[in-house]
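Start at 1 with the first residue, then count along the sequence.
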Amino acid sequence: MSLYHERRENPGKPELVLLHGWGMNSQVWGDFADCLASAFSLTLIDLPGLGRSYDFPQPYTCEAVLSLLAEVAPEQASWLGWSMGGQLALAFAERYPQRVEKLVTIASNPCFVQRPDWSCAMPEATHAEFEAGLEANLSKTLNRFVMLQTQGAEAGRETLKFLKQLLRETEPSAPIESLGLLRDDLRPLLGRLKHPILQVFGDQDLLVPVAAAEACEALSGQPVIVYPGAGHLPFYSHREQLCADLTGFLREPLAP
């Protein structure tokens, strides 16, 4: 089993790996990847059972996904993860610390489903509804999911149109199996990783409450950016601003 991945070589430029979120594929990066391609050599990966990586491990676990990522990722790179991809980037840095230079997470939560001590997340009932909905009507549930990602956000209508087009082109082969990763609680990793981390949030995100920004900053002790008006896809609605912020962070020299 091998993951679909795309290389955008830019000789002499630092390596950057991009991981998309649940239900999507690497095409979701769109023009944002084009923006980054001038400053980095990119590796865009379709996660197993999502997009063009049709095969997937059974059982579908974080550890299994990390092993597959390790086979196609550069030996050393910075990692950028959106939503569930941010969780996986954290986990990859924990398992392969020497292969990761810096981390950026976008609209990501180390614990996506609420716990008694973590209210800034998706309610358990909402997550359970998605699980049941995928069994009953995959297409309808995926469309509901992309609506939640864009509702109330700047450029929401344009973003929704873009996401629906992606779903029409490539439907995930493991939507239920991959959704299970969102139940993982990676807060301990965020607290103990030594890598430089930049965490980006939108204050109109209906999937990752803005309260998670303050909570994640407290856990990591590292920078957090909240974009006013952004929903779950700030790399679409705030593309130029995010590209500049991300590039500035990744270009800062590592501490000795």
Side-chain angles (χ1 to χ4, degrees), residues 3-5 17-29 32 43-53 56-57 59-69 72-73 79-95 100 103-115 118 120-124 126-131 133-134 138 141-142 144-146 148-150 163 166-167 170-187 189-190 193 197 199-202 205-209 212-213 216 231-236:
L3 299 180
Y4 176 89
H5 60 287
V17 175
L18 279 66
L19 296 183
H20 62 84
W22 178 80
M24 291 287 114
N25 59 72
S26 60
Q27 291 176 298
V28 77
W29 297 109
F32 185 64
T43 301
L44 296 85
I45 303 173
D46 281 10
L47 296 171
L50 300 171
R52 292 150 292 184
S53 294
F56 55 92
Y60 197 116
T61 65
C62 182
E63 285 298 311
V65 175
L66 296 182
S67 295
L68 292 170
L69 290 172
V72 297
W79 286 61
L80 166 61
W82 165 59
S83 196
M84 187 178 80
Q87 276 191 322
L88 289 167
L90 286 175
F92 191 90
E94 169 82 356
R95 181 166 169 181
V100 178
L103 289 168
V104 179
T105 65
I106 300 175
S108 190
N109 200 331
C111 184
F112 270 95
V113 182
Q114 287 182 357
R115 305 288 177 101
W118 192 256
C120 50
M122 181 186 298
E124 168 62 35
T126 302
H127 191 274
E129 287 174 8
F130 273 114
E131 291 176 324
L134 290 172
L138 173 60
T141 303
L142 287 173
R144 179 192 169 209
F145 182 68
V146 297
L148 283 174
Q149 294 183 56
T150 59
L163 293 178
L166 285 185
L167 288 177
T170 311
E171 193 170 87
S173 57
I176 299 173
E177 295 84 353
S178 55
L179 185 66
L181 294 190
L182 293 182
R183 289 194 175 276
D184 291 347
D185 184 356
L186 302 187
R187 287 178 292 168
L189 274 64
L190 184 58
L193 281 179
I197 305 173
Q199 300 166 91
V200 178
F201 299 86
D205 193 338
L206 298 183
L207 296 174
V208 179
C216 288
H232 201 57
L233 284 85
F235 58 88
Y236 193 95

Query raised in the report: What residues form a ring pair (Phe, Tyr, Trp, His ring centres under 6.0 Å) with W82, not counting sequence neighbours?
Result: H232, F235
Query raised in the report: For P209, what residues pass the side-chain contact (heavy atoms from CB on, under 4.5 Å) criterion, not counting sequence neighbours?
Result: none
Requested in this report: Evaluate the salt bridge (Lys or Arg N to Asp or Glu O under 4.0 Å) criterion for residues R115 and E124: first the C-alpha distance (whole Å), next the side-chain angles of each, then the deciding distance (0.1 Å), finally the verdict.
Outcome: CA-CA 8 Å; R115 305 288 177 101; E124 168 62 35; over 6 Å; no
Requested in this report: Quick one: do F130 and F145 satisfy ring-ring contact (aromatic ring centres under 6.0 Å, His included)? Show the steps, please.
Outcome: CA-CA 8 Å; F130 273 114; F145 182 68; 5.5 Å; yes
Minimum heavy-atom separation for [X] to [Y], with atom names?
{"X": "W79", "Y": "A73", "value": "CZ2-CB, 3.5 Å"}
{"X": "L166", "Y": "V28", "value": "CD1-CA, 3.5 Å"}
{"X": "V100", "Y": "A93", "value": "CG2-CA, 3.8 Å"}
{"X": "A121", "Y": "V113", "value": "CB-C, 3.7 Å"}
{"X": "T170", "Y": "N25", "value": "CB-ND2, 3.9 Å"}
{"X": "S26", "Y": "R52", "value": "OG-NH2, 2.9 Å"}

Given side chains that start at C-beta, do those of [X] and [Y] come closer than 4.5 Å, heavy atoms only?
{"X": "P48", "Y": "P57", "result": "yes"}
{"X": "L206", "Y": "Q149", "result": "no"}
{"X": "F201", "Y": "P234", "result": "no"}
{"X": "L189", "Y": "Q87", "result": "no"}
{"X": "I176", "Y": "L138", "result": "no"}
{"X": "M24", "Y": "V146", "result": "yes"}
{"X": "P110", "Y": "D185", "result": "no"}
{"X": "L50", "Y": "D46", "result": "no"}

[Y] backbone acceptor or donor facing [X] side chain under 3.5 Å:
{"X": "D205", "Y": "L207", "value": "yes"}
{"X": "S67", "Y": "E63", "value": "yes"}
{"X": "T105", "Y": "G86", "value": "no"}

Can you tell me how far the [atom1] atom of [X] sits from the [atom2] atom of [Y], to the nearest 0.5 Å?
{"X": "Q27", "Y": "L163", "atom1": "CD", "atom2": "CG", "answer": "12.0 Å"}
{"X": "I45", "Y": "S53", "atom1": "CD1", "atom2": "OG", "answer": "8.5 Å"}
{"X": "H127", "Y": "R183", "atom1": "NE2", "atom2": "CZ", "answer": "5.0 Å"}
{"X": "N109", "Y": "L182", "atom1": "CG", "atom2": "CG", "answer": "9.5 Å"}
{"X": "F112", "Y": "S83", "atom1": "CZ", "atom2": "OG", "answer": "4.0 Å"}
{"X": "L90", "Y": "Q199", "atom1": "CG", "atom2": "CD", "answer": "7.5 Å"}

Requested in this report: Report the C-alpha distance between F56 and S178 in whole Å, list the side-chain angles of each, state the deciding distance to 0.1 Å, and finish with yes or no for side chain to side chain contact (heavy atoms under 4.5 Å, CB included).
Outcome: CA-CA 9 Å; F56 55 92; S178 55; over 6 Å; no
Requested in this report: For the pair L19 and W29, evaluate side chain to side chain contact (heavy atoms under 4.5 Å, CB included) and give the outcome as yes or no after the intermediate values.
Outcome: CA-CA 9 Å; L19 296 183; W29 297 109; 5.6 Å; no
Report task. Scan V17, L18, L103, L44 and name whichever one has a side-chain contact (heavy atoms from CB on, under 4.5 Å) with L80. Result ->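 With L80 as partner, V17, L18, L103, L44 yield a single side-chain contact (heavy atoms from CB on, under 4.5 Å), made by L18.
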Query raised in the report: Does the side chain to side chain contact (heavy atoms under 4.5 Å, CB included) test come out yes or no for L66 and E94, once each step is laid out?
Result: CA-CA 10 Å; L66 296 182; E94 169 82 356; over 6 Å; no
Query raised in the report: Run the side chain to side chain contact (heavy atoms under 4.5 Å, CB included) check on Y60 and L181 step by step: do they pass?
Result: CA-CA 8 Å; Y60 197 116; L181 294 190; 3.7 Å; yes
